[in-house]
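This one's a predicted model, so the numbers in the text were calculated from it and none came from an experiment. Nothing fancy with the numbering, it's 1 onward along the sequence.
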Amino acid sequence: MTSMTSPPDTQVQPPEQERYARLLDWGTRVGLLILVASFVAYVSGLLPGMVPVDRLPELWSLPVAQFQARTQMPGGWGWLALLGHGDVLGLLGIALLAGVSIPCLLALVPIYAARGEKAYVAICLLEVAVVALAASGLLSGGH
């Protein structure tokens, strides 16, 4: 009786897809690790919180402006100065997950440039600019 196993998949992915996927994988893993570690540090008391855990239920339903007023949480990128707090540290994981496409796209530029694919270089750089502009808060007045 012969084995009915399939041959291994020998399809080779283009280098740009491999590079993008590898960076996306690592960025996602690091972002999730930061989220989990910061949550554990917050709820265990290992890191102090800006907002005590027992106050969360009363604050969760508030609009952002009221939440910020009651918790003294800064707006915009002001949270970066508070990364020593367990509840704020989680925002670093979220920011990393939201922005992981930037280094992925920038890593594609040399590949496309070496092949003379100017349109792809331009698309990557424009996507990076759009994500960076959105994150800046300039469009929403949140800077």
Query - Close side-chain approach of Gln68 and Pro63, heavy atoms under 4.5 Å - result: no
**Report entry** Leu35 side chain reached by Phe39 side chain, heavy atoms, under 4.5 Å
**Finding:** no
Requested in this report: Determine yes or no for a side-chain-to-main-chain donor-acceptor pair under 3.5 angstrom, with Gln13 supplying the side chain and Glu18 the backbone.
Outcome: no
Query raised in the report: When hydrophobic residues are tied together by side-chain contacts of less than 4.5 Å, even through go-betweens, does Ile123 share a cluster with Leu106?
Result: yes
Report task. Supply the atom-to-atom distance Ser38 OG to His85 NE2, rounded to the nearest 0.5 angstrom. Result -> 13.5 Å
Report summary line: Distance col, row Arg29:CZ vs Leu97:CG, nearest 0.5 angstrom, shows 13.0 Å
Report summary line: All heavy atoms of Pro48 vs all of Gly84, minimum pair found to be CD-O, 3.8 Å
**Report entry** Side-chain (Trp77) to main-chain (Ala135) donor-acceptor, under 3.5 angstrom
**Finding:** yes
Query - Under 3.5 Å donor-acceptor, Arg19 side chain and Ala107 backbone - result: yes
Report task. Name all residues meeting the side-chain contact (heavy atoms from CB on, under 4.5 Å) criterion together with Val51; count only those two or more places apart in sequence or in a different chain, and write none if there are none. Result -> Tyr42, Arg55, Leu56, Leu59, Phe67, Thr71, Met73, Asp87
Query raised in the report: Is Leu80 reachable from Leu47 through a run of I, L, V, M, F, W or Y residues, each pair having side-chain heavy atoms under 4.5 Å apart?
Result: yes
Requested in this report: Using the rule that two of Ile, Leu, Val, Met, Phe, Trp, Tyr join whenever any of their side-chain heavy atoms come within less than 4.5 Å, decide whether Tyr120 and Leu126 are in one cluster.
Outcome: no
Query raised in the report: Are Leu91 and Ile94 close enough that some pair of their side-chain heavy atoms sits under 4.5 Å apart?
Result: yes
Query - Atom of Ala69, atom of Gln72 and distance for their closest heavy-atom approach - result: O-NE2, 3.0 Å
Query raised in the report: Any link between Trp60 and Trp79 through a network of hydrophobic side chains (Ile, Leu, Val, Met, Phe, Trp, Tyr) touching at under 4.5 Å?
Result: yes
Report task. Calculate, to the nearest 0.5 Å, the distance between atoms CD1 and CG belonging to Ile34 and Leu92 respectively. Result -> 4.5 Å
Report summary line: Taken to the nearest 0.5 Å, the spacing of Cys124 SG from Ile102 CD1 works out to 12.5 Å
Query - Side chain to side chain, Ser101 and Val131, heavy atoms closer than 4.5 Å - result: yes
Query raised in the report: Of all heavy-atom pairs between Glu16 and Leu108, which one has the smallest distance, and what is that distance?
Result: O-CD2, 3.2 Å
Report summary line: Heavy-atom nearest pair, Leu82 first then Pro74, reads CD1-CD, 3.4 Å
**Report entry** Within-4.5 Å side-chain heavy-atom neighbours: Leu24 and Val100
**Finding:** yes
Report task. Check whether Tyr20 and Leu125 end up in the same hydrophobic cluster, where Ile, Leu, Val, Met, Phe, Trp and Tyr are linked by side-chain heavy atoms less than 4.5 Å apart. Result -> yes
